[in-house]
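These notes are about the structure you will find just below.
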Amino acid sequence: MPDISQYFPITSPTMIFFVVLCIILLAPIVMGKLRIPHIVGMVLAGVAVGPHGLNILAKDDSFDLFGHVGLFYIMFLAGLEMNMANFMKNRVRTVTHGIMAFVIPMAMGFAVNRAVLEYNVMTSVLLASMYASHTIITYPIIMRYGLTRQRSVTIAVGATAITDTLTLLVLAIVGGLFKGEITGGFWLLLFLKIAAVFSVILFLFPRVARYFFHRYEDNVAQFIFVLAMTFLGAWLMELIGMEGLLGAFLTGLVLNRYVPNVSPLMTHLEFVGNAIFIPYFLIGVGMLVNVKLLFGGLGALQVAAVMILVALTSKWVASFFTQKLFGMRGVERELIYGLSNAQAGATLAAVMVG
């Protein structure tokens, strides 16, 4: 019997893209029959075909590229589709939930890390920041069901930007302390860099967008322009040591008024994201998972159990307090929780810094 293992992992870019397209096509169909969200199928498929699974695909540079693109795309679409009138109406709720979704996981995580895992202060803070951050990778489900304009979705999406910003500031401080860079000028320089990038995105980007959209009505040109602005915003954030997903989200917010929800441009943006970029990102996330590590000893299982329990519990507590504080319905609490309990983008940044 011929040994087919010599043909794996697949390294041909053409075949890698073919296999990925097959997964993107078949995963929603299979998951739909099982009544499971299709994004779960993408991640599980990534685990199965990745280097830690059946080793069918080599994790080449395309997964890094499309992974970044997909994650930024999720955050960009979240900002682009946000109901700004609803956001302004619920800004107090949004800010409150954003702060609680950061403070509660940080406090719970630090206490558990010190008491149960017995880590030192620096490690406990870094691990707690992983609990505090979250990425709205469940947003495509919200889009599919047409719930993007619900106030609970607006609160969760806006809170994501606040929570991740605070988390990334913690990472910058931890990294600075470890490298011995925390001096009097560190805080001033950090503040000036953040203020400069925020000013460029919030004040310069809208003027450039207004100029472009008034002069060019071609859908292809507008599509490329929007993508270029998104990745420019992401790059500017990365330039100052922050995560690019925050820049992508802010770009979506400032372009919100120039891209109507019912328009050919919005249709094209959602189609390309949901068809290629976002699924590619989810498959790439699955390929990072090494299930074998969980069975390498009780220590790994203990850490995994603590991380899962603290992350899920702390985000639920934050959602519960937001609901009770503002008299919201239970279903709204669950929707906020469903959007804010997934860890991906900023959490991966914390892992890399760690």
Side-chain angles (χ1 to χ4, degrees), residues 39 68-91 94 98 134-162 164-165 197-198 200-214 216-237 243-281 339-340 344-345:
I39 63 172
H68 273 80
V69 172
L71 180 57
F72 293 163
Y73 218 93
I74 291 174
M75 296 301 295
F76 165 70
L77 286 179
L80 191 66
E81 295 185 338
M82 183 176 287
N83 186 333
M84 294 306 295
N86 203 4
F87 174 75
M88 295 304 297
K89 182 179 178 181
N90 293 285
R91 60 184 181 276
T94 301
H134 63 258
T135 306
I136 49 174
I137 60 174
T138 49
Y139 191 76
I141 299 175
I142 298 298
M143 292 170 56
R144 175 165 292 190
Y145 287 102
L147 301 174
T148 57
R149 304 184 75 81
Q150 295 293 319
R151 70 170 181 175
S152 51
V153 175
T154 300
I155 291 170
V157 170
T160 298
I162 296 170
D164 286 354
T165 301
V197 172
F198 269 67
V200 169
I201 294 176
L202 295 178
F203 297 107
L204 182 60
F205 276 27
R207 287 166 173 77
V208 174
R210 185 163 54 248
Y211 174 86
F212 186 89
F213 283 121
H214 281 172
Y216 302 97
E217 297 183 356
D218 178 68
N219 285 330
V220 175
Q222 290 183 348
F223 178 81
I224 299 301
F225 170 78
V226 168
L227 285 188
M229 295 295 286
T230 300
F231 290 99
L232 176 59
W235 176 78
L236 288 173
M237 278 296 173
E243 264 297 299
L245 57 90
L246 181 59
F249 176 75
L250 289 176
T251 303
L253 282 182
V254 300
L255 295 181
N256 186 292
R257 72 181 72 174
Y258 303 106
V259 184
N261 276 307
V262 181
S263 65
L265 179 56
M266 178 63 84
T267 301
H268 295 156
L269 288 168
E270 290 182 342
F271 173 78
V272 173
N274 291 325
I276 299 293
F277 293 147
I278 296 174
Y280 224 113
F281 159 70
L339 281 167
S340 62

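One-based numbering along the sequence shown.
- Of the inter-residue distances, the one linking Y258 atom OH with L255 atom CG reads 8.0 Å to the nearest 0.5 angstrom.
- The minimum heavy-atom distance between P264 and N219, with the atom names listed, is CB-ND2, 3.8 Å.
- Of the possible polar contacts, one joining the T94 side chain to the N90 backbone as a donor-acceptor pair under 3.5 Å is found.
- Scanning all heavy atoms of the two residues, the minimum distance from P279 to G273 falls at CD-O, 3.5 Å.
- Classified by interplanar angle (parallel below 30°, tilted 30° to 60°, perpendicular above 60°), the ring pair H268/F223 is perpendicular.
- Of all heavy-atom pairs between T230 and A248, the closest is CG2-CB, 4.0 Å.
- A distance of 10.5 Å separates NZ in K89 from CD1 in I155, rounded to the nearest 0.5 Å.
- Residues Y216 and F212 bring their aromatic ring centres within 6.0 Å.
- For the residue pair E217 and Q222, the shortest heavy atom distance occurs at CA-NE2, 3.5 Å.
- Remark: I276 CD1 to F281 CZ distance equals 15.5 Å, nearest 0.5 Å.
- For the residue pair V254 and P206, the shortest heavy atom distance occurs at CB-CG, 3.9 Å.
- Here N256 contributes atom CG and T251 contributes atom OG1; the two are 12.0 Å apart, rounded to the nearest 0.5 Å.
- In this structure, F205 and L250 have side chains that are not in contact, with every pair of non-hydrogen atoms separated by 4.5 Å or more.
- Taking the centre of each ring, F213 and F225 come in below the 6.0 Å mark.
- L339 and I142 get closest at one heavy-atom pair: CD2-CG1, 3.7 Å.
- The distance from the CD1 atom of I201 to the CE atom of M229 is 9.0 Å, given to the nearest 0.5 Å.
- Between the side chain of Y73 and the main chain of L227, no donor-acceptor pair closer than 3.5 Å is present.
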